[in-house]
Each structure stands twice: as structure tokens, then as C-alpha cells.
Amino acid sequence: MTTAAQVRDDIPRISLMWLLIAQALVIIPHLLHVPLWLIGVWLGCAAWRVQVFRMRWPFPNAWVKAALMIGSGFAVYLSRGGLVGLDAAVALLITAFILKLLEVRTRRDALVLIFLGFFTVVTSYLFADSLLAALYSLLPVLALLAALVGLQQSGFAREPLAPLKLASKLLAQAIPLMLLLFVLFPRLEPLWSLPQPKDKGTTGLSSSMTPGDLAELGQSAALAFRARFDGAIPAQSQLYWRALTLPNFDGRSWSISERFERSEPQWQAQGESISYSIIMQPSTQPWLFSLDVGSSEQEDIRLMSDFRLQRRTPVNRTYQYQATSWPQALRQPQLNQRQQQEFLQLPRTGNQQTRDWAQRLRGQYHDDDALVSALLRHFNQELYHYTLKPPLLGRDSVDEFLFSSLRGFCAHYAGAMVFTLRAAGIPARVVAGYQGGEINQAGQFVQVRQFDAHAWVEYWQRGQGWRSVDPTFEVAPERIERGLQEALQDESELFQGDIFSPLRYQHIAWVNQLRMSWENLNHSWQTKILGYQRDSQQAWLKQWFGKVDWQVLGLTLVASAALIIALIVLWMFKPWQRQTDPVQRVLNHFQRVLRRRGFKRETGEGLRDFYQRIHQQLPQSQQQAVRVFIETYEQQQYAEQGQDLATLRRALAQVKK
Amino acid sequence: MRETFFKLPRQWFAAWLARRLPPVQSIRLQQQHIFIVPTRTGIAYAAALLLMLLVAINYQNSLAYALTFLLASLGLLTMFHTWRNLAGLTLSAAGSSPCFAGEYGNYRLRLHSAKNAYQAIAVGWHAKQLTLVDVEQQSEQLLELSLLGKQRGWQHAPRLRIETRFPLGLFVAWSQIDLAQSILVYPQPLHDVDLLVSGQGDENDAEQASPSAGVDDYQGLAAWQEGDSLRRIHWKAWSKGQGLLVKQFTEQQGQQQVLDFTQVPGDLEFRLSVLCAQVLKISQTDQPYSLLLPHQELGPDSGVEHRQRCLRALALYGVEQP
């Protein structure tokens, strides 16, 4: 026994232990994006706190604490280039979380630390929201709850594992209610804008392309997006995912045009349409992926003048959208002079050899289509080689590629072809995006990775509009038909250095099967859980409730919550077990008998008091019987000896006489 | 200021509590006895959750929503866990040991669990000074609380506060129970005054102290035997049905000492305090002694029981029995 006032301020050993464990678990997922020196600070602080607990060292004094705080703040400022922005804010939060440990003396401090810990777990979701990250985050949450339980001074909480068990039990009980809230709690629009996480490591297409760039992307197996088709999945060779067009050439790299972007281009839907939904990984760019010609009914998505879909704001976290495409649409049959000029633009000088060759072709073929065919034939028949490791090219890169090295990646072929077409007077542009993707049979979706990045060519003819051609197809048809890995089988460097990449083991059937199932699970995670935002919530609710009426939903929420709580409480208290004590049942019977005779035992009245109160009103014969019953009952209730029900029942029988 | 401001509501609350939870010797805590409110920790927890919800809304992060809801559900459910950690617990008074005014007496309390185990139950007179105890399932836990004796006589124990914050400390379930117990408070002994014992050794002092000295010292009562003077019969005792007793007087010859109320100057409480100290002092030796109070005579006798009878008589002199 301890006095609460004494212990209310100390932190029990168990709680401190769980606090230290929780802190480690909370910080681990943040290690990827906090400055490295924070780890040192953390280990130092934890060691110091342990020494304090062992009474080897004192708590740091105010000066040391102030120095640590200012020093860490300054260090965050230096390593994050400021104190504004999410990265710096989270680094500061974690610094505070670590330094607070040195201050934890009282229960109150421990509470602050625990709540800070919960908050830090939430911020970790802003950086990683995969299924694994979510499952992992249950560990720090459990440890924090265990620390909270451990703060309760109880013999129970003195065993190390007991608080954890209780925390797990509480967590499990909370899940049904959590699911209900998750589904029905209205998703609001952001109340104010906050700094977004910067994904420095994001790979993906950029707004300008030097031939080498795409080859670099070709090394990355990171996921770009997943697409699920409403109908059958089109053939892989049809899957040209447009991201953006690169009409400007400066002699070295192709880049996007800043002009005309806002106006919707002219186009006519023709043929059949394809509908699909796409879940995109964060790209930090506003452009989306679609098959030609794509359109979306989502408010914040619009079709730009070069037929790309673009979102109002950059895609900074996983984003889901629905789109419909008309592959055979007629695109911009009319272009004015100025627009045509843009797609004919070339640097004033350079690559003279190619320009001459283009003129020769022009002389040969007066028809644009015939010239394009000839060009494609050229790529097909000459000894061009498709490779991720092209030789470095010099000043006249197009000349060198076309006439001497003959080795290149899709960007080389697309760039060279557009250059030649423009030199021959045909408006053309490079389209950058992704081609193909891996079809997941289990989940019926296509998974597109960064190495599926591709560049192809569009040329324009009056009346016919834009048409797409792919010179890479002429060089390496297997790239288009079966994907990059197939095309580059010789280049064993692919995924080199990442022996753990499951993509390396595609030829082992079960590994591949496992990988596909995992991808499928991730896909569901992203659509069903992460993608459960305003739009999908409303769609889902419409499906279930017919229409979205917040009043009805509110009532449903309250009613179902009450039902769930009632069930849990019922399960906790098990009222059906209450009357199982047979001695208690006999006592109840006894009380009923006396009540019928007009003697009611008051609530909380002791049995002896009851007897004292009524015994004089009882007939002589009854007095004895009642007293015997009460004595027998008390013996049974408090004595060590086991319960002897028969005696008690006999005593009751005497009373009833 | 604060005190006066809260005085009236506090009185109302006390009156309401007295109606709702009347004094009983033993009580099994149930629905109508238990109150539950969020603690400061609970409010801080809610504030932290609100902050997390804001992060979830502003970053449109499903996982942040999920964790916020998980912790909110969990917090809400602990309300029932906390409540259960008090419900069904039986409290009974288990007697008390007397004390002297100004000192602490022991108040015994039995906590009994019929079914569940109860963790970190805090019991005490005041919310700021509680004793923590665990009650295993289907077991009993005896608890001793100390209670300051304020005034001699039967002192009614105040309402007992029993509370628990288990498991997370977000809610506190509490009750205030009056177990209808009183603690016997002896007068505060005044040790320094040492002039009043009438007995052989202190004859001069006794003479000085009491003008009525000279009468043979009263020793106590004895059963009437043939030959005893009728004038010595203690009629009062006889009228109470205690049988025929005769008053016996010492002939100032033995070690016998008489503590006589009338021989002590001063007011009532002072006298009782002085007598109390004397009882304590004499009872340390093995000498028999008697205590003379108006209408009450104890002894001569010695031993612990006699001492307690005397102290009890002093405590309750002129005080109504509860």
C-alpha cells in the first residue's frame, strides 16, 4: 500500500521502460528523413535518462537544458535550411520529443511525452502511408498505451508485460468503433493549407528531357501508378500513357511549352471509349497519366492544349482519379500558323547532317505519311540498337546518334525523329509518358513502374490532326509488346545492385505469384483505405444509403456507435454471469420470503442490522430460524471453509415454515 | 474568496449526496453509487486527438484519420473499464481503534471482490490524500486509514472517498460513501498537571487540592455481602438492574489510588484531560486504581481492560451515545 499523493508524481519503472521502448519505435520510421545527428542526440538523451533512473547521474540543470534546446533548434535550422516547412517542423517535433525525455520527472511530464509520441506517429503517416508502415505504427501506439497504463500505480502494472497485454486488449476492443468512425465521419476539405512533405527521392518524368534522363528512369523499379480498367485490359502495345509533350528543343534537351496550356484543344470523339481509374504515386508534379484522348469529370482535372490531363495542384500524395479515353479521336484538325511554327521550331544551327538528310527525304516523298513511313523503315532496317547504356553524345547529338553511334534509348529515337520531321517541314513533337505496364491477373489491374517511362512521336497534318508513331517499336518491338525487361534481356545490369528486388526473380513462378498478390493487396490498400477521401466516401455512401444526407448519416453514426459500445460493454460485464453465485441466490430467496411477510431489507442494510430491526416483530418461532439462517449465511460468506449449500438451504426451509 | 464562492454549492452537494447515498455499514458499489467524469489527463488526451484530427483533415491522410479514431474509440471505451473497476466492489466497515483527541486513530475498512479483480483503487478521506490498493478477484483486502481525532466522544467518520482512474487515467470513477462508522476519541491527555491523585503518597497535595478531603477514599464497588451497611449500598446500580453493590472505601492503607473528578479544578474538558493523563500514567504501573466521575465509579482495578473502561468513560462523559 502506498499513498497516492506520494506516488502520483513519480514515474513507475515499468512506465519508464515502456516509454523508452515507445520512443525508439516512434522515432525509427522518421530516421529516413530526419537529420542524422538527431540519432546521436536521441541515444545520448536515452542513456542519460537511464542513468538518472539508476541514480548514477543527476537530471540536467536548466542551463544544460536551455543549451540543448537552442543548440538543437539551431542545428535543425542549419540542416533543414530554415524552420518553416514540414520537414523542419517534424525535425523540431522529434527534437522536442527526444529532449523532453531528459525532463521527465513527474507523471505529468510522462503524459506530455506520451501525447507527443502519438502526435509524432501521426506525422510519420505524412511521409509513409504504405500498408507495412501502417501496421508498423501499431507497435509504437501499443508501447505508448502500455506506458500510459504503467503510470497507474497498481501491482498489476508492476509486471512488465501486463500493461502491454491490457493495451492490446483495449486496442482490439476499440477497432469496431474505429472502423465505424472511419467510414462515416465526414471527410472535410482541408481547413487551411499546410506545408506538404517534400519527397526528395521522387523519381519520375520531369518537364524537360535530355536523352539520358529516361535511361536513368529505366533503372528504377519504383511504382509510378496503377490503372484498373472498367472493361477488358487493352493489349500492352496499346498502352501509351501520355504524361506531357515536349515541343521545345534547344539543341540538347526537349522541354515543355509554357504557351497555350490553358485552352482546351479541339477534338472529336470517335470509335469506342475506354474507362479506367488510376491511382498515382506522389510525383510532386501536376500532370496526370491518360491514354489518348483522355478526359475526366473530376472538378480539379482539366485537359490541357496538348491533350494531357492536369490537376490543379501538384500530386503530393497518392491520388486517385477516374478517366475515359477515346483512342481513335480526331485531334486538333486545325492549327493556326503560329501554332504550326511552334512545332516546327529548331535551333538555328547544329546537326547539319540530319537537316540535309531530312531535305533529301522531303525531295523523295512529297506525302507526309510516306515520309514518316520511310523514316520508320529506316529505324527498322538500319542497325540501330536499343540500349539503356547509350554512349555519350557530343554537340551535334542527333547527328551522332543517327549516323554514327546508332545506339540509344527511346528518348534518342523519339528526339531524332521529331528533329528530322521538323527539318522536313512536318509539325511534330515528343510525347513523354509511360508505355505498357505489368498486368496483375489476380487484381485485374496494370501496374506501371518508372522503368516503363517512354517517349514517342506525334506529327500533325492538316485535316488529320495529330498522329502518334513510335520509332522505338521499329527498333525493339519486344519493348512495346512485352515490356522493357524483355527487350533488355542481354543487359544484365538491370536491377543490378538490388538483389532483393522481387522483380529480379520473375522467372521463378512462386516468387512472382507472391509478388503479384502483394501488389494486389497494396492496390486494394491504396484504393480502399488511402483513397477513402471526400469523393470516394460520397460515392460509397450513395451506394449504401441512396443519397448522402448528413443528418441521416449522423444518426446512423450515433446509433451504430451506441450499439457497438453496448455490445462491448455487455461483453465486458457479462451480466448473465452475475447470478451464478448460488449462495447469493439463496440469500435473494430468503429476502423474498421475508418481504412477502412485510419485512423489507433496505439497500445496503447489513443482515445483522436487519435482524436487529425486525426481530421483535417476528413471531417467536421465526426469530430463531431467521437468526440461524443469517448466521449460517455469514459463515458461508466470510469463513474460510467451503460453501455448504445444503445447510444454508435447510436454514432457509426453516424460515419458510 | 474561492472558499466562500463554493461554499453553498458544496453544502447542496453534501445534502444531495446524503440523500442519494445514506450511511450504511456495508455497500456493494453499483450504478447509483458511482460517478464518472473525465480527468485533466482525459481532457488533455481529447485536445491531443483534436490536434491529430486537424492534421488528418488538412493533409487528407486516411491513416491519420484512422489513428485518431482508434485512439478516440479506445479513450471512450476506457470510460467503461474505469467504471467497471469500481462497480461490484463491496466496502464494509471493519471497526476502528480509538485514539486521543489530536492524534490519529485507525479506521479499518474491508474491500471485498466477489468476481473481478480491481486495480489501483484509491481510498481516503480527501481526494488529495488517498491510499492505493489492489483487490484480487474473489478476495478481500483490509485497509487501515488514519483519522484525526478532533473532539472526545464518538466521532462520526466523514464520507469516504473511493476512486479509480485505471486503466488509462482518462476518467475517474468515484463515490463518496458513509459507512456509518464512528471512532471513539479519548480526551486529550494533559500530562503536565500532576497534583490531583488522591492516595497515600499524595495526601498533602490532595488536601490542598480538594476542600472535601478527609472522607475516606472511595475505592469502588463490591458485591453486597451480609453484614455490609445498607447505607453503603449503591442504589443507583441496583435500580439499573446491576444487582446489589456496596461502595467500598479505602482506609488509606494500600497502594490504592483514586482519580476523582471533583478534585480537579478547572472546566469540564480540562478535568477530563487531566484524569485521562493520570489514567495513562497509573496504568503503566500495576497498581489498582479507581476513577470517580459524577454518577459513575470505576474500579478499583488494574489491567488493560480497566484502563480502556476508564478512558471510554472519560471520552463519553456527558456526551450522548451515538
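A note on names: the letters A, B, ... follow the listed sequences, proteins ahead of strands, and every chain is numbered from 1.
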*Provide the closest heavy-atom pair for Met52(B) versus Phe119(A) in the form atom of the first, atom of the second, distance.*
CG-CD1, 3.8 Å
*Got more than 12 heavy atoms from elsewhere within 6.0 Å of CD, Gln151(B)?*
no
*Could you state the interatomic distance from CZ (Phe115(A)) to OG1 (Thr41(B)), rounded to the nearest 0.5 Å?*
6.5 Å
*Determine the minimum heavy-atom distance between Met572(A) and Arg84(B), stating which atoms define it.*
O-NH1, 2.8 Å
*Spacing of Phe69(B) atom CZ and Leu177(A) atom CG [to the nearest 0.5 Å]*: 10.5 Å
*Would Leu166(A) and Phe166(B) satisfy side-chain contact (heavy atoms from CB on, under 4.5 Å), going step by step from the backbone distance to the final call?*
CA-CA 11 Å; Leu166(A) 182 67; Phe166(B) 196 81; 3.8 Å; yes
*Measure the NZ-CG distance between Lys169(A) and Leu77(B) for me, rounded to the nearest 0.5 Å.*
11.5 Å
_Engaged part of Val112(A) at the chain B interface, taking heavy atoms whose separation is under 4.5 Å_ = neither
_Within a 6.0 Å radius of atom CZ on Arg20(B), are there more than 12 heavy atoms belonging to other residues, nucleotides or ligands?_
yes
*Would you check if Phe118(A) and Leu71(B) make a side-chain contact, meaning some heavy-atom pair closer than 4.5 Å?*
yes
*Does Gln533(A) reach the main-chain N or O of Gln60(B) with its side chain, forming a donor-acceptor pair under 3.5 Å?*
yes
*Identify the two heavy atoms, one from Leu148(A) and one from Leu168(B), that lie closest to each other, and give their separation to 0.1 Å.*
CG-O, 3.8 Å
*CZ (Arg608(A)) with more than 12 external heavy atoms under 6.0 Å*: no
*Just do the side-chain contact (heavy atoms from CB on, under 4.5 Å) check on Leu74(B) and Leu145(A) with the steps written out, would you?*
CA-CA 10 Å; Leu74(B) 194 142; Leu145(A) 286 173; 3.6 Å; yes
*Would you call the rings of Tyr65(B) and Phe185(A) parallel, tilted or perpendicular, where under 30° means parallel and over 60° means perpendicular?*
tilted
*Is there a side-chain contact between Ser62(B) and Tyr125(A) (heavy atoms, below 4.5 Å)?*
no
*Looking only at non-hydrogen atoms, find the nearest pair between Ala174(A) and Leu70(B) and report the distance.*
CB-O, 3.8 Å
*Contacting moiety of Leu53(B), where chain A heavy atoms sit under 4.5 Å*: side chain
*Check whether more than 12 heavy atoms from other residues, nucleotides or ligands sit under 6.0 Å from atom CD of Gln31(B), and answer yes or no.*
no
*Relative to chain A, which segment of Leu49(B) carries a heavy atom at a distance below 4.5 Å: side chain, backbone, both, or neither?*
neither
_Separation between CG of Leu111(A) and CZ of Arg40(B), rounded to the nearest 0.5 Å_ = 12.0 Å
*Portion of Thr78(B) that has a non-hydrogen atom of chain A nearer than 4.5 angstrom*: side chain
*asked:* Return the OH to OG1 distance between Tyr59(B) and Thr123(A), rounded to the nearest 0.5 Å.
replied: 9.5 Å
*Side chain proximity check, Leu181(A) to Ser73(B), heavy atoms < 4.5 angstrom*: yes
*Let me know if Ala47(B) has heavy atoms under 4.5 Å from chain A in its side chain, its backbone, both or neither.*
neither
*Given a strict heavy-atom distance threshold of 4.5 Å, which part of Ile568(A) is in contact with chain B: side chain, backbone, both, or neither?*
side chain
_Top of Val122(A), Leu180(A), Leu170(A) for chain B proximity - count of heavy-atom pairs under 4.5 angstrom_ = Leu170(A)
*Who among Pro167(B), Gly75(B), Ala64(B) has the most heavy-atom pairs with chain A under 4.5 Å?*
Pro167(B)
*Got a sec: does the CZ of Phe13(B) have more than 12 other heavy atoms crowding it under 6.0 Å?*
yes
